[in-house]
Amino acid sequence: MNLEDIKKALNDGDINRVTDLTRTSLDEGLDVKKVLDTLIEGMDEIGEMFKNNEIFIPEVMISAKAMHAGLNILKPHLLKSGIKPMGKVGIGTVKGDLHDIGKNLVSMMFRGAGFEIIDLGIDVPVEKFIDTAKDKDVNIIAMSSLLTTSMGAMKDVIEELKKRGLLSRVKTMVGGAPVTQNFAAAIGADGYAKDASSAVGKARELIGLLKRQK
Ligand code: B1M
């Protein structure tokens, strides 16, 4: 079978077809890593189209669901073949903020790109981010904020991580409509991304940095 068909089905947000094609590709003996790479490339293309305003949030959400369906088929095979996730991310919307659409979109793109995600939800207190960094072996603490009034909580998390000496093992990343690169730099975040697709690139970059530091 042609792996490009999986990308097309992903692009169409056709969950059943992505499921069937992923299953068929494995039945035909294709390498699980190759199938995974195809799904990731497909999702990267969707991210690129989203960035260029060629498609919008609903299409991305549907494709991300299709991506999950494909990944679910691959999961047991990936576990068997010992392929490790790209990295582990603890993500949440900060204290005082209940908006979760953007955070969910970013999570979906992360999952699509092969990251393992711990979704901490919304209105996440500083302590919960800290516990996640401390106990869950995450590589990145990712924070979303949609309100100018809750942005300060990102700084609180970073300062607390610093105080507890955790910044040598986790990178921090921030985003959300009112957040800017300048704000991210001012609060000492390691990374900032404007949207869900650039968030994937930034997370990959941060994981690379972390690996080089170790
Ligand atoms: Co609210 N709200 N809201 N709201 N709401 C905004 C954010 C607002 C801009 C509307 C406005 O006034 N024009 C305004 C904030 C103003 C400000 O602070 N400057 C606002 C307000 C004021 C409020 C309330 C205070 C209203 C009230 O009660 N008086 C209240 C606050 C409640 C609270 O959080 N404590 C409130 C409530 C709500 C609803 C519950 C009704 C609902 C949220 C539902 C939900 O999320 N489940 C809601 C909504 C839907 C919005 C708008 C309309 C849409 C937000 C959204 O989902 N966008 C929003 C106005 C707007 O943006 N047009 C608004 C789509 C989403 C995909 O985009 O989240 O920006 P976004 O995510 C993007 C990027 O920012 C980035 O990637 C995503 C995809 O590309 N990104 C990251 C996000 N997180 C990232 C993390 C990263 C990297 C990138 O790395 C970690």
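Both counts, for ligands and for their atoms, begin at 1 and track the order of listing. The analysis underlying the following values was restricted to heavy atoms, covering all of them including side chains, and did not include hydrogens, waters or symmetry mates. In this text the structure is predicted, and so the values were computed from the model without any measurement.
Protein heavy atom in closest approach to atom 86 (C) of ligand 1: G175 CA, 3.5 Å. Looking from atom 19 (N) of ligand 1 to the surrounding protein, the closest heavy atom is T148 OG1, 3.4 Å. Nearest non-hydrogen protein atom to atom 64 (C) of ligand 1 is H99 NE2, 3.8 Å.
Considering backbone and side-chain N/O atoms, A199 never comes within less than 3.5 Å of an N/O atom of ligand 1. At least one N or O atom of G96, backbone or side chain, sits closer than 3.5 Å to an N or O atom of ligand 1.
Listed by atom number, the atoms of ligand 1 under 4.0 Å from F50 heavy atoms are 80 (O). Which parts of ligand 1 touch D97 is read off a 4.0 Å heavy-atom cut-off, strictly below it: atoms 34 (O). Residue-ligand proximity, G102 to ligand 1, at heavy-atom distances under 4.0 Å covers atoms 66 (C), 67 (C), 69 (O), 71 (P), 72 (O), 78 (C). Below 4.0 Å from some heavy atom of A142 lie the following atoms of ligand 1, by number and element: 91 (C). For ligand 1, the atoms lying closer than 4.0 Å to a non-hydrogen atom of I57 are 65 (C), 67 (C). Interface atoms of ligand 1 facing G176, defined by a heavy-atom separation under 4.0 Å, are 75 (O), 81 (N), 82 (C), 83 (C), 84 (N), 85 (C). Those atoms of ligand 1 with a heavy atom of A177 less than 4.0 angstrom away are 70 (O), 75 (O). If you number the atoms of ligand 1 from 1 as listed, the ones under 4.0 Å from a heavy atom of D195 come out as 76 (C), 77 (O), 80 (O).
Residue M1 comes nearest to E28 through the heavy atom pair N-OE1, 2.7 Å, listed as atom of the first residue, atom of the second, then distance.
Residue-level proximity to ligand 1 for L146 is carried by backbone and side chain together, each with a heavy atom below 4.0 angstrom.
Within a 4.0 Å radius of atom 24 (C) of ligand 1, the protein contributes no non-hydrogen atoms. There is a protein heavy atom less than 4.0 angstrom from atom 7 (C) of ligand 1. Within a 4.0 Å radius of atom 81 (N) of ligand 1, the protein contributes one or more non-hydrogen atoms. There is no protein heavy atom less than 4.0 angstrom from atom 10 (C) of ligand 1.
For the pair D123 (side chain) and K95 (backbone), a donor-acceptor distance under 3.5 Å is absent.
The heavy atom nearest to atom 91 (C) of ligand 1, considering only M154, M151, M143, is found in M143. Among T93, I101, V60, the residue whose heavy atom lies closest to atom 57 (O) of ligand 1 is I101. Considering D100, V174, V94 only, the shortest heavy-atom separation from atom 45 (C) of ligand 1 involves D100.
No hydrogens or angles considered: nothing links the side chains of S107 and N104 as a donor-acceptor pair under 3.5 Å.
Heavy atoms of Y192 stay at 4.0 angstrom or farther from ligand 1. Under a 4.0 Å heavy-atom criterion, K194 is in contact with ligand 1.
The environment of K162 atom NZ is sparse: at most 12 non-hydrogen atoms of other residues, nucleotides or ligands sit within 6.0 angstrom.
Within the 4.5 Å cutoff, side-chain heavy atoms of L161 are placed close to those of I130.
Side-chain heavy atoms closer than 4.5 Å link hydrophobic residues (I, L, V, M, F, W, Y) into clusters, and following such links, even through other members, never connects L71 to I62.
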